[in-house]
Amino acid sequence: MSLSNILTPSIEKAIQTLFDVTIDKIEFQTTRKEFEGDITMVIFPLLKLVKSNPIELGNKIGNYLVENVPEVARFNVVSGFLNIVIADQYYLNFFNEIRSAEKFGFVTPSANDKAVMVEYSSPNTNKPLHLGHVRNNLLGYSVAEIIKASGKKVYKTQIINDRGIHICKSMLAWQKFGNGETPESTGLKGDKLVGNYYVAFDKAYKAEITELMETGKTEEEAKKIAPIILEAQQMLLDWENGKPEVIELWKTMNQWVYNGFATTYKNLGVNFDSYYYESNTYLLGKDVVQVGLDKGIFEKDPDGSVWIDLTDEGLDRKIVLRSDGTAVYMTQDIGTAIQRVKDMPDVGGMVYTVGNEQDYHFKVLFLILKKLGFDWASSLFHLSYGMVDLPSGKMKSREGTVVDADDLMQEMTDTAQKIAEDLGKLEGYSAEEKSKLYNTIGLGALKYYILKVDPKKRILFNPEESVDFAGNTGPFIQYTYARIQSIIRKADFDFASNAGIEELHEKEKELVKQLELFPEVIQNAAHNHSPALIANYTYDLVREYNSFYQAVSILGETDLAKKTFRVQLSKKVADVIADSFSLLGINVPERM
């Protein structure tokens, strides 16, 4: 039970006893560093009910708590704040409760609870995954793990954009320029091979536009009549009409891409429970349009197109069906959401991990689904995130200037190797152990650098800075974990049983207080869909541990009870580091 939950009924009783009034809510906050105390009660709201000054009020309540609540050791009053000092025994009891608990802070889902479906990645099959996809995947995966740890059943999914003109561009370029090459014949990952042809299409298209402009066409005219774009448009029509050879090529090239994606996902450490494909979902939702019309939610224009008017909601009119009867993205997304609940009837909410350029789209989507009467529509969330930039500037996939996800991961591993070799602490490691360590550090640096930032904020990603072994970085936290593992390996005595100490060093107490926050941090991170809360909590925990490590002797302590407790405390800190990092998809090394 948290301190606020323990103190609230006692303070309410104190106020009733001392002043004969009841108070609706007790306001607590963390005690400021310059004052003694573990938790602070805000006195000011009470002044509306009791005619007194805040100092007198605080002293009366404080004295009552010391006399009647075993957990309260002493107090001090500063202006309108009652700073309460909690007895060491409370923290020792708490620590002994959690000391051997596996996955402390994690909540097991109840069998009958509704599940949450988290969508992330959702790439196009015309190019490899890039830096933007990396942030998307890391965010989606981490939020799914955090929601699961908070006590919900979670399904991870994605929708793959495997149809449309952009796919046909890669297919057509391969037909024209590929000479039958395959991933096997070139040694390239399939997604990279297909991506090369997307770039090749753009190059050929630009060349044709230039030629047409030299004959007197405007750029706009040239873009519309360039032969290669007309061929791509025809290929899309052929695909929609089921032309066998086009469908066969589409299946073959998409499979190359899927195989490539699978390798990237495995290396990045993310996974999925289900996959949806736009080629299967693009017709979904059209039947819902008629339901919306019957209910008066949608309206049909004279040209036959169907719209929803959201101007009363501060939005605008949005088309849901074209005049020729074809669906728009909004229609597909409505249909896909409904289909997902049909597929997984226990789903009671969804999280969409999509960049902030789609903020408006999701406002409209969620509102439409609510108006259509789906009860789960009130539990939809757009996990909106900002772009990732590099010092060199913005990425453009058509021009082949994107930062490839595989290349980025390799660069991170190489950077970690260079720094680790410069530090020169890897004596006795085999080549395989070194390689694994470089990967753990490099990917840990990448993931932590991205996830420690609030999702809504734009990121300027600096690979060198992310692998720094000091400061708020993944490697700094991993190094502290490895340091604790070294202490545990060197502890040549049984530290499993209760240490039996009765007093805490100030640094020990601060560390236990930091551990106590972990369950609440998980719940807050799940509620706010923010891995940054987990990342920055872990950094604070590690800083607190390093302060403890510098202030007290651990294995050199002569008092066996104190030494036992300090090893136990160190081990629990390491467990929480590992568990919190698992929520971020980051591994921790036993040695470093």
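Checked by atom type, the side-chain pair Glu516/Tyr90 shows a donor-acceptor distance below 3.5 Å. In this structure, a donor-acceptor pair under 3.5 Å is present between the side chains of Asn271 and Lys156. Asn498 and Arg99 form no side-chain donor-acceptor contact under 3.5 Å, judged by distance and modelled atom types alone. In this model, no donor atom of one side chain and acceptor atom of the other lie less than 3.5 Å apart for Thr473 and Asp468. Inspection of the Gln417 and Glu421 side chains reveals an N or O donor paired with an N or O acceptor under 3.5 Å. In this structure, a donor-acceptor pair under 3.5 Å is present between the side chains of Ser547 and Lys507. Between the side chains of Glu181 and Tyr197, at least one donor N or O lies within less than 3.5 Å of an accepting N or O. Between Tyr481 and Glu590, the side chains place a donor N or O and an acceptor N or O closer than 3.5 Å (distance only, hydrogens not considered). Under 3.5 Å, the side chains of Tyr275 and Thr157 contain no donor-acceptor pair of N or O atoms. Side chains of Gln550 and Asn546: a donor-acceptor N/O pair is absent below 3.5 angstrom, by distance only. Inspection of the Ser121 and Tyr265 side chains reveals an N or O donor paired with an N or O acceptor under 3.5 Å. In summary, the side chains of Thr40 and Asn83 do present a donor paired with an acceptor at a separation below 3.5 Å, with no hydrogens or angles considered. Counting only N and O atoms by type, the side chains of Asp414 and Gln410 include a donor and acceptor under 3.5 Å apart. Between Thr440 and Asn587, the side chains place no donor N or O within less than 3.5 Å of an acceptor N or O (distance only, hydrogens not considered). Side-chain contact annotation: Asn536 with Asn472, donor-acceptor N/O pair under 3.5 Å present.
Ion pairing of Asp346 with Lys114 is absent here, as no side-chain N (NZ or NE/NH1/NH2) approaches a carboxylate O to less than 4.0 Å. In this structure, Asp113 does not pair ionically with Lys153, as no charged nitrogen and carboxylate oxygen lie closer than 4.0 Å. Using a cutoff of 4.0 Å between basic side-chain nitrogens and carboxylate oxygens, Arg340 and Glu119 are scored as salt-bridged. Between Lys509 and Glu506, no side-chain nitrogen of the basic residue sits less than 4.0 Å from a carboxylate oxygen of the acidic one, so the salt-bridge criterion is not met. With respect to the salt-bridge test (charged N to carboxylate O, under 4.0 angstrom), the residues Lys562 and Glu508 do not qualify. Under a 4.0 Å N-O distance rule, the pair Lys127/Asp191 does not qualify as a salt bridge. Remark: Glu510 engages Lys513 in a salt bridge, criterion side-chain N to carboxylate O under 4.0 Å. Taking the charged nitrogens against the carboxylate oxygens, Asp575 and Lys103 have no contact shorter than 4.0 Å, which rules out a salt bridge.
Annotation: side chain of Pro531 is in contact with side chain of Ile146 (closest heavy-atom distance under 4.5 Å). By the 4.5 Å heavy-atom criterion applied to side chains, Leu129 and Val134 are not counted as neighbours.
Side chain of His133 to backbone of Ala405: no donor-acceptor contact under 3.5 angstrom is found. Judged by distance alone, the side chain of Thr353 and the main-chain N or O of Leu383 form no donor-acceptor pair under 3.5 Å.
Looking at residues two or more places apart in sequence or on another chain, you find no side-chain contact (heavy atoms from CB on, under 4.5 Å) involving Ala262. Applying the side-chain contact (heavy atoms from CB on, under 4.5 Å) test to Lys456 and every residue at least two apart in sequence or in another chain returns Asp454.
The side-chain contact (heavy atoms from CB on, under 4.5 Å) test with Val72 is passed by exactly one of Leu3, Val85, Leu7: Leu7.
Using bins of under 30°, 30° to 60° and over 60° for the plane-to-plane angle, the ring pair Phe469/Tyr479 lands in the perpendicular bin. Taking the six-membered ring for Trp and thresholds of 30 and 60 degrees, Tyr141 and Tyr120 have ring planes more than 60 degrees apart, a perpendicular arrangement. Ring planes of Phe104 and Phe518: tilted class, angle from 30 to 60°.
Between Ala101 and Lys572 the shortest heavy-atom distance is O-NZ, 2.8 Å.
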Start with the C-alpha gap between Leu139 and Arg135, add the side-chain angles, then the distance that decides, and say whether side chain to side chain contact (heavy atoms under 4.5 Å, CB included) holds. CA-CA 6 Å; Leu139 273 174; Arg135 186 176 198 191; 4.0 Å; yes
